[in-house]
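I have placed the structure first, in the form of structure tokens, so that the comments after it can refer back to it.
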Amino acid sequence: MSLKVYNTLTRTKEEFLPLEEGEVGMYVCGVTAYDECHLGHARAYVAFDVIRRYLEYKGYQVNHIQNFTDVDDKIIARARKMREKSSEKDLKELCKEVAEKYTMEYFEHMDKLTVKRATQYPRATEHIGEMIKLTEGLIRKGYGYQVDGDVFFEIGKFKDYGKLSQRKLEEMRAGVRVEMDERKRSPLDFALWKRSKEDEPSWDSPWGRGRPGWHIECSAMSMKYLGESFDIHAGGQDLIFPHHENEIAQSEGYTGKPFVRYWLHNGFVTINREKMSKSLGNFFTLREIFEKYDSRVVRLFFLSTHYRKPIDFSDDKLAKAKAGLERIENCLREVERKELREPAARTYRGSIYRTRFEEAMDDDFNTAAALGAIFDLVSRVNSCLEKGDLSSVSKAAPELRDFCQVLGLSLESGQEVRLEEDLVKLIKEREKARQKKDWARADAIRTKLREEGIILEDRPQGATWRRAE
RNA sequence: GGCGGCGUAGCCAAGGGGACCAAGGCAGCGGUCUGCAAAACCGCAAUUCGUGAGUUCGAAUCUCACCGUCGCCUCCA
């Protein structure tokens with residue numbers, strides 16, 4: 001079976017063939033560290049995490065690079081606000097603090113969502129030299145031009161400009177909404193290097209003190225860590241234009257080589273069918289979301305829709321994802337009770353479930369269809385448990401864990417958690433009451449425990465409990 | 001104005017010319033189990049895939065038109 005991926009560059013699904021056999025270079029556009037992460041970030045990074053995990057499942061060694069933008073207008077704006085309150089610190093110091101704070105928060109939230117750590121996380125400010133070198137090269141090759149301390153990229157010089165977003169230059173000019181900077185040769189020319197104001201973070205360059213433009217960092221860092229041509233470049237659909245279009249122009253203009261083989265873009269999170277965004281005021285931060293929902297539920301919610309499609313968020317949908325997650329967990333918990341826990345070795349291949357799972361994932365990482373296979377496998381395991389066919393269970397259960405692991409669904413085993421002393425006493429008391437057929441007492445205890453978040457299930461061997469969550 | 005996506009049961013969602021009188025989940029209904037539950041199991045539930053026309057032996061799947069909806073064209077995952 002061959003893996004097919006949808007390439008934004010060609011607008012088709014293509015067979016995935018990396019440059020080096022057995023290895024994949026993958027660059028994911030990271031966050032600008034100026035504010036808390038929201039649901040949209042979570043969706044993107046969960047999507048690319050699953051892609052990375054599946055590539056690893058297929059046997060590839062994945063070199064996953066993800067940047068942090070730690071110098072930018074918005075970070076500076078944030079730092080300026082902070083300075084209004086505590087004026088003793090200088091702006092550069094505050095910019096660093098802002099970036100550091102939100103970088104750490106990013107990790108905190110992504111860990112909750114079980115997003116694997118990238119191989120490396122390069123920061124823009126640590127690669128100023130590389131960016132200056134790229135900019136110099138672009139000027140030398142006639143793509144860049146300097147105007148009093150600013151350097152712009154002249155898009156008219158790059159013949160393929162617009163190939164990713166599939167736009168023609170003439171069309172774009174017609175729709176330009178940006179105010180014209182008189183010093184630019186075309187309104188669509190973009191900054192490679194920006195002259196900076198006195199108090200802003202700045203670095204020495206051949207064009208004076210300044211800081212890099214936004215797009216250049218991704219060209220510089222991706223090529224530094226993955227080479228001038230590499231396999232996968234990923235990000236949100238909103239980055240297609242102008243960010244990724246500009247990256248192609250810079251990188252290919254500089255190297256004369258194809259920059260990226262496969263461009264992958266995830267769809268947006270919407271709230272009530274509208275794009276979630278700060279300007280609309282309808283966004284949810286991950287901090288808010290995790291106060292209400294288990295992060296595993298959030299992850300399953302994302303996986304229930306193909307990563308390129310928009311996904312609409314609502315409490316109701318999260319509640320449904322939660323019910324689905326419980327179905328999988330109840331199944332695995334039951335397997336453990338039967339002491340059938342086995343290492344999730346991939347020894348049992350070729351089942352119809354694995355075929356379906358792989359076919360789904362091979363088809364541009366169709367996690368929604370893959371979940372179909374997972375739920376069918378859950379039904380199969382439950383059914384075998386019911387019939388007492390434990391040899392089938394011991395074959396199917398490791399497979400189920402294996403699939404969940406590929407999707408990054410870390411499931412609770414349910415057994416390692418201890419119950420508080422007084423609650424254990426109550427359960428024992430209830431057992432006695434049940435033996436005496438004192439149903440009123442037994443039910444009262446069950447209700448009380450339910451209020452404590454403990455769900456009791458009576459079984460032939462006695463009652464078992466699990467946390468509600 | 002230009003470009004692109006989407007519209008499948010009550011809700012979510014996969015499928016994208018014949019194996020589909022359409023996966024899977026949630027909710028619902030009937031049954032089994034249970035003191036009653038919970039969990040689980042068994043079964044039921046779209047004769048139909050936004051609307052209309054067309055291509056085809058055959059269409060949810062292709063073409064055209066229309067309606068609805070969302071996004072990009074400015075920072076954005």
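Numbers restart at 1 for each chain; the letters A, B, ... are given by sequence-line order, proteins then strands.
- Of the P atoms belonging to B:G1 and B:A19, the separation is 41 Å, rounded to the nearest Å.
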> Which string of ( ) [ ] | and . matches RNA chain B, if you list each base 5' to 3' and count Watson-Crick or G-U pairs only when both distances are under 3.5 Å?
Replying inline: ((((((((.[[[..)..(.....]]].(((((.......))))).....[[[[[..)....]]]]])))))))....
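- Across the C1' atoms, B:A46 and B:A60 are found 12 Å apart, a figure rounded to whole Å.
- Salt-bridge formation is not detected for the pair A:Arg333/A:Glu457: no Lys NZ or Arg NE/NH1/NH2 atom is positioned less than 4.0 Å from an Asp or Glu carboxylate oxygen.
- A:Asp312 contributes a side-chain N or O that, together with a main-chain N or O of A:Asn272, makes up a donor-acceptor pair within less than 3.5 Å.
- With B:A23, B:C42, B:A38 as the candidates, the nucleotide lying closest to the side chain of A:Asp376 is B:A23.
- Which of B:C26, B:C41, B:C72 sits closest to the side chain of A:Glu386 comes down to B:C41.
- Contact annotation for A:Gln237: no contact, since no heavy-atom pair falls under 4.0 Å across all strands.
- One interatomic measurement links the two molecules: NE2 of A:His265 to C1' of B:G4, which rounds to 14 Å at whole-angstrom precision.
- Here A:Gly40 lies in heavy-atom contact (under 4.0 Å) with a base.
- Dashed line: the shortest gap from a side-chain N or O of A:Lys275 to OP1 or OP2 of B:C72 is under 4.0 Å.
- Atom pair A:Asp443:CG and B:U34:C1' shows a separation of 12 Å (rounding to whole Å applied).
- Within the nucleic acid shown, A:Asn382 comes within 4.0 Å of sugar-phosphate atoms alone, with no base atom in reach, counting heavy atoms only.
- For A:Arg380 against B:C41, no side-chain N or O and base N or O form a donor-acceptor pair under 3.5 Å.
- Residue A:Asp238 is in base contact, counting any heavy-atom pair closer than 4.0 Å across all strands shown.
- Looking at heavy atoms from C-beta onward, A:Gln250 lies in side-chain contact with A:His215 at the 4.5 angstrom threshold.
- The neighbour count for A:Lys96 NZ, taken as heavy atoms of other residues, nucleotides or ligands under 6.0 Å away, does not exceed 12.
- A salt bridge between A:Lys395 and A:Asp389 is absent, with no side-chain N of the basic residue lying under 4.0 Å from a carboxylate O of the acidic one.
- Residue A:Tyr34 contributes atom OH, which lies 11 Å from atom C1' of B:A77 at whole-angstrom precision.
- Within the 4.0 angstrom heavy-atom criterion, base atoms lie near A:Val269.
- Evaluation of A:Phe375 against the base of B:G24 yields no stacking contact (centre distance < 5.5 Å, interplanar angle < 30° required).
- Atom CZ in A:Arg459 sits about 15 Å away from atom P in B:G35, given to the nearest Å.
- Using a 4.0 Å heavy-atom distance criterion, A:Arg356 is classed as a sugar-phosphate-only contact.
- Side chains of A:Lys194 and A:Pro212 form no contact here, defined as non-hydrogen atoms less than 4.5 Å apart.
- Between the C1' atom of B:U74 and the CG atom of A:Asp189 lies a distance of 16 Å, rounded to the nearest Å.
- Nucleotides B:C72 and B:C26 are separated by 34 Å at their P atoms, to the nearest Å.
- For A:Arg327, counting side-chain heavy atoms from C-beta on, the closest listed nucleotide (B:G71, B:G25, B:C73) is B:G25.
- Against RNA chain B, the stretch residues 107-122 of chain A makes no heavy-atom approach under 4.0 Å.
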> Using a cut-off of 4.0 Å between protein heavy atoms and nucleotide atoms, how would you tag nucleotides 6-20 of chain B 5' to 3' with B, S and -?
Replying inline: -S---BSSSS-----
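- Between the P atoms of B:A23 and B:C44, the separation comes to 12 Å (whole Å).
- Considering only the side chain of A:Pro242, B:C75 comes nearest among B:A38, B:A77, B:C75.
- Nucleotides B:C49 and B:A39 are separated by 35 Å at their P atoms, to the nearest Å.
- Looking at residues two or more places apart in sequence or on another chain, you find no salt bridge (Lys or Arg N to Asp or Glu O under 4.0 Å) involving A:Lys425.
- Straight-line distance between the C1' atoms of B:A9 and B:G24: roughly 13 Å, to the nearest whole Å.
- Distance CD1 (A:Ile455) to P (B:A40): 11 Å, rounded to an integer number of Å.
- Ion pairing between A:Arg211 and A:Asp73 holds under the 4.0 Å rule for side-chain N and carboxylate O.
- Of the candidate nucleotides B:A77, B:C73, B:C36, B:A77 has the atom nearest to the side chain of A:Thr32.
- Of the options A:Lys4, A:Lys13, A:His306, a side chain to side chain donor-acceptor pair (under 3.5 Å) to A:Asp363 is made by A:Lys13 and by none of the others.
- When each of A:Asp458 and A:Ser165 is assigned the nucleotide of RNA chain B bearing its nearest heavy atom, the one mapping closer to the 5' terminus is A:Ser165.
- For B:U56 and B:G17, the C1' atoms lie 9 Å apart once the distance is rounded to whole Å.
- Of the candidates A:Tyr45, A:Tyr102, A:Phe290, A:His109 forms a ring pair (Phe, Tyr, Trp, His ring centres under 6.0 Å) with just one, namely A:Phe290.
- Using a 4.0 Å heavy-atom criterion, one finds that A:Leu456 contacts the bases of the nucleic acid, with or without backbone contacts as well.
- When heavy atoms are screened at a 4.0 angstrom cut-off, A:Ser379 is found touching the sugar-phosphate backbone but no base atom.
- Legend: salt bridge (Lys or Arg N to Asp or Glu O under 4.0 Å) pairs involving residues 431-440 of chain A, not counting sequence neighbours, sorted by first then second residue: A:Arg434-A:Asp458.
- Distance A:Asn67 CG to B:A77 C1': 12 Å, rounded to the nearest Å.
- Only the C1' atoms considered, B:A22 is 8 Å distant from B:G15, to the nearest whole Å.
- The side chain of A:Arg434 has B:G35 as its nearest neighbour among B:C42, B:C26, B:G35.
- Looking at which nucleotide of RNA chain B each of A:Arg446 and A:Phe241 is closest to, the 5′-most match is held by A:Arg446.
- Classified by interplanar angle (parallel below 30°, tilted 30° to 60°, perpendicular above 60°), the ring pair A:Phe153/A:Phe158 is perpendicular.
- The pair A:Arg380-A:Asp376 does not meet the salt-bridge criterion, since no charged nitrogen lies less than 4.0 angstrom from a carboxylate oxygen.
- Regarding A:Leu400, its CG atom lies at a distance of 13 Å from the P atom of B:A40, rounded to whole Å.
- With sequence neighbours left out, the salt bridge (Lys or Arg N to Asp or Glu O under 4.0 Å) criterion links A:Asp443 to A:Arg446.
- Taking the six-membered ring for Trp and thresholds of 30 and 60 degrees, A:Phe284 and A:Phe313 have ring planes inclined between 30 and 60 degrees apart.
- Using a 4.0 Å heavy-atom criterion, one finds that A:Arg430 contacts the bases of the nucleic acid, with or without backbone contacts as well.
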